[in-house]
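Notes follow the structure.
For clarity, every value in this text was computed on a predicted model and none was experimentally measured.
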Amino acid sequence: MTKPPSLRRLASCLAVALLASLPGVPRAESFTDVKPSPQQVAWQDLEFGVIVHFGTNTFLDREWGDGTAPASVFHPDKVDPDQWARAVKAAGVRYMVLVAKHHDGFALWPTGQTDYSVKASPWKAGKGDLVRMASDAAKKNGLGFGVYLSPWDRHDPRYKDSAAYDKYYLSQMEELVQHYGPLTEWWLDGAGSAGHVYDFAKYVETLRTYQPNTMVFADMALFDYGDIRWVGNEQGVVQGENWNVIDRHGQLRWRPLEVDTPLHKNHWFFSSKPDFAASLKTVDELMDNWENSVGKGGQFMLGVAPDTHGLLPDADVRRLAEFGEALKARYGDEANLAAKHGTVDDNVAAALDNDPATFWSAPAGSANASLEVDLGREVTFDHAMSMEWLDGGQNVHGYAVQVWDGKGWKTVAQAQAIGHMKIDAFEPVTARRVRLNILSAVGTVRIREFKLFKVGR
């Protein structure tokens with residue numbers, strides 16, 4: 001018997017609902033449906049981290065270890081993670097990730113899973129624990145702490161047996177996630193792993209058991225397991241528009257960008273070779289990295305490298321402090337020309353107060369709207385910074401920064417994505433009235449901050 005139309009529609013709806021609930025059946029989503037987790041939002045607000053490379057490679061003048069170096073190679077005499085933490089904090093850094101085990105397999109904590117670790121080295125007569133020292137130093141200096149544990153292991157014989165190695169990796173992971181306090185980030189590096197099968201699902205399941213708020217860094221090959229993704233280069237730049245939602249094989253996820261680059265060009269580890277000192281980035285180069293990472297809505301991850309003493313070189317410490325001072329002078333609250341303004345309503349004022357916890361809100365559901373500011377006097381500026389409130393998703397799809405020239409609104413910058421932060425540079429303009437004109441939007445746009453600066457270049 002043929003079912004009446006109403007029953008056919010009901011049966012169809014039930015079938016769709018059933019299919020959507022089955023494992024492995026992806027739900028249809030649009031980009032604007034995808035929202036970040038609270039942990040992702042908190043991570044994006046950190047903006048600037050460092051990753052510390054220190055190990056056997058430090059003493060052998062190389063970037064990639066093959067796992068054959070004896071543990072006795074590791075013998076620093078003045079290890080001071082507190083010096084590292086103070087130095088990077090002066091640059092504006094908010095969290096520090098330690099490479100606890102690189103590809104050579106040497107562990108910087110006294111792991112119970114292998115003898116290839118600091119306990120077999122002469123450092124502190126085999127009684128040292130660098131992960132403990134680094135995590136304590138980070139906490140002391142108000143920094144978050146994270147861990148890099150390389151899946152690729154060129155030393156351990158169990159690596160040839162995927163099941164045995166998974167057990168080994170998980171045992172090391174459990175040591176790290178249970179005994180060193182809350183972790184800000186866990187690095188999953190896919191380098192060198194072509195052809196090897198890992199139980200990444202189990203790795204992340206284990207991590208989540210003990211550290212549910214830790215953000216997992218992974219490249220696009222590990223899309224299903226990561227919370228944050230690699231930018232795709234080590235030059236420290238975001239290419240093009242930056243959208244937080246990424247599509248991989250029809251799956252949509254909120255995967256914000258991490259932009260990694262070393263303080264010394266082409267050197268993640270310290271080297272005693274002459275080119276290492278010469279490779280130290282200038283303040284201008286670091287500023288360019290920051291503007292093209294954080295200033296494009298990404299996370300800036302700067303690589304720092306202690307020397308064979310276990311200290312950051314004096315030149316690196318000075319450069320980090322110089323960069324921190326330059327960053328504060330250029331984009332600090334005191335440099336924000338929009339913080340002092342004429343009469344505006346409370347809604348607009350919430351975007352001008354140097355407080356990212358407050359925000360201007362466009363009319364609900366409006367496809368376009370304008371955040372207009374009366375500066376109260378003529379002001380000359382050449383950079384604008386906009387920050388979107390992302391808890392409700394990335395809703396701005398087109399915008400322009402415009403000034404009133406006495407006759408009409410003149411566009412000085414225009415793009416699509418704002419995201420966590422967007423810095424626009426343009427030729428110097430002088431105006432009393434300026435606006436962030438939302439040209440295209442989905443949902444309700446909220447702007448945490450709208451700032452103006454005179455950089456002078």
Would you check if there is a donor-acceptor pair between the side chains of Gln414 and Tyr399 at a distance under 3.5 Å? no
One pair to check against side chain to side chain contact (heavy atoms under 4.5 Å, CB included): Phe381 and Val429. What are the steps and the verdict? CA-CA 6 Å; Phe381 53 93; Val429 293; 3.7 Å; yes
Is Glu285 paired with Lys265 through a side-chain N to carboxylate O contact shorter than 4.0 Å? yes
Between the CZ atom in Phe270 and the CG atom in Asp316, the distance rounded to the nearest 0.5 Å is 9.0 Å
Using 0.5 Å steps for rounding, measure from the NZ atom of Lys35 to the CD atom of Gln394. 11.5 Å
pair Pro36-Val41: side-chain heavy atoms closer than 4.5 Å: yes
Minimum heavy-atom separation for Phe200 to Pro151, with atom names? CE2-CG, 4.3 Å
Over all heavy atoms of both residues, which pair between Phe426 and Ala384 is shortest? Give the atoms and the distance, please. CE2-N, 3.8 Å
Over all atoms of both residues, closest heavy-atom pair of Ala329 and Ala335: O-CB, 3.4 Å
Are the side chain of Glu449 and the backbone of Asp355 linked by a donor-acceptor contact shorter than 3.5 Å? yes
With side chain to side chain donor-acceptor pair (under 3.5 Å) as the criterion, how do Asp374 and Thr343 come out once you've worked through the C-alpha distance, each side chain's angles and the decisive distance to 0.1 Å? CA-CA 7 Å; Asp374 179 356; Thr343 302; over 6 Å; no
With Asp153, the side chain to side chain donor-acceptor pair (under 3.5 Å) member among Lys101, His196, His102, Gln172: Lys101
Can you find a pair of side-chain heavy atoms, one from Leu312 and one from Asp307, that are under 4.5 Å apart? no
I'd like to know if the side chain of Thr261 and the backbone of Glu234 have a donor-acceptor N/O pair within less than 3.5 Å. yes
d(Tyr180 OH, Leu98 CG) to nearest 0.5 Å is 10.0 Å
Can Arg448 and Asp45 be counted as an ion pair, charged N to O under 4.0 angstrom? yes
Nearest heavy-atom approach of Gly303 to Trp268 is CA-CZ3, 3.6 Å
Sort out for me which residue in Lys281, Arg318, Met287 forms a side chain to side chain contact (heavy atoms under 4.5 Å, CB included) with Phe323. Met287
Lys/Arg-Asp/Glu bridge criterion (N-O < 4.0 Å) met for Asp227, Arg255: no
Are a donor atom and an acceptor atom from the side chains of Ser162 and Tyr198 found within less than 3.5 Å of each other? no
For Ala369 against Pro363, the heavy-atom pair lying closest together: CB-CD, 4.0 Å
Between Thr214 (side chain only) and Leu183 (backbone N and O only), is there a donor and an acceptor less than 3.5 Å apart? yes
Check ion pair Arg319-Glu322 (N to O, under 4.0 angstrom): yes
About how many Å separate CZ of Phe453 and CG of Leu337, when rounded to the nearest 0.5 Å? 7.5 Å
With no hydrogens and no angle check, do the side chains of Ser150 and Asp189 hold a donor and an acceptor under 3.5 Å apart? no
Student check: side-chain heavy atoms of Val294 and Gln299 closer than 4.5 Å: no
Could you check whether any side-chain N or O of Gln40 sits under 3.5 Å from a backbone N or O of Pro256, counting only pairs where one atom can act as donor and the other as acceptor? no
Any side-chain donor-acceptor pair under 3.5 Å between Trp109 and Glu175? yes
Is there a donor-acceptor pair under 3.5 Å between the side chain of Asn336 and the backbone N or O of Asp333? no
Pairwise distance CD(Gln239) to CG(Asn233) - rounded to 0.5 angstrom: 6.0 Å
For Thr444 and Gly365, indicate whether the former's side chain and the latter's backbone hold a donor-acceptor pair under 3.5 Å. yes
With a distance cut-off below 6.0 Å to the six-membered ring centre and an angular limit of 45° from the axis, does Arg435 pair with Trp409 as a cation-pi contact? yes
Give the C-alpha distance, both sets of side-chain angles, the deciding distance and a yes or no for side chain to side chain contact (heavy atoms under 4.5 Å, CB included) between Ile447 and Leu436. CA-CA 10 Å; Ile447 300 298; Leu436 178 64; 4.0 Å; yes
Presence of salt bridge, Asp136 and Lys140, under 4.0 angstrom: no
Are the ring centres of Trp290 and Phe300 closer than 6.0 Å? no
Heavy-atom closest pair (Ala90 atom, Ala321 atom, distance to 0.1 Å) is CB-CA, 4.3 Å
dist Asp247:CG -> Phe31:CZ (nearest 0.5 Å) comes out at 4.5 Å
CA sep, side-chain torsions, deciding dist, call: Arg446, Glu388, salt bridge (Lys or Arg N to Asp or Glu O under 4.0 Å): CA-CA 6 Å; Arg446 297 176 176 91; Glu388 195 172 350; over 6 Å; no
Using only heavy-atom distances, determine whether the side chains of Trp43 and Glu185 contain a donor-acceptor pair under 3.5 Å. yes
Look only at the side chain of Ser366 and the backbone of Ala362, and say whether a donor-acceptor pair between them is shorter than 3.5 Å. no
If we only count heavy atoms from C-beta on, is the Lys454 to His383 side-chain gap below 4.5 Å? no
Do the side-chain N and O atoms of Thr430 and Glu378 include a donor-acceptor pair separated by under 3.5 angstrom? no
For Asp346, does the CG atom have more than 12 heavy-atom neighbours from other residues, nucleotides or ligands under 6.0 Å away? no
Do Lys422 and Asn242 have side-chain atoms, one donor and one acceptor, less than 3.5 Å apart? no
In plain terms, say whether Arg330 and Glu291 are close enough for a salt bridge, that is, a side-chain N and a carboxylate O under 4.0 Å apart. yes
Compute whether any side-chain donor of one residue and acceptor of the other, for Asp166 and Tyr203, lie under 3.5 angstrom apart. yes
Given 3.5 Å as the limit, does a donor-acceptor pair link the side chain of Asn395 with the main chain of Val445, or not? no
Stepwise, does the side chain to side chain contact (heavy atoms under 4.5 Å, CB included) test hold for Leu352 with Trp360? CA-CA 9 Å; Leu352 308 176; Trp360 168 87; over 6 Å; no
Electrostatic pair Arg94:Glu47 at N-O distance under 4.0 angstrom: yes
Closer than 3.5 angstrom, by distance alone: can the side chain of Asn141 be matched with the main-chain N or O of Leu143 as a donor-acceptor pair? no
Strictly by modelled atom types, are His264 and Ser279 linked by a side-chain donor-acceptor pair under 3.5 Å? yes
Evaluate the side-chain proximity of Leu257 to Val238: yes if any heavy-atom separation is below 4.5 Å, no if none is. yes
Kindly indicate, with the supporting measurements, whether the criterion side chain to side chain contact (heavy atoms under 4.5 Å, CB included) is fulfilled by Asn244 and Leu390. CA-CA 10 Å; Asn244 287 283; Leu390 295 177; 4.2 Å; yes
Side chains of Asn292 and Gln235: donor-acceptor distance under 3.5 Å anywhere? no
When you measure from the side chain of Asp382 to the backbone N and O of Val455, does any donor-acceptor pair fall under 3.5 Å? yes
Decide, yes or no, whether a salt bridge links Glu205 with Arg208 under the criterion of side-chain N to carboxylate O below 4.0 Å. no
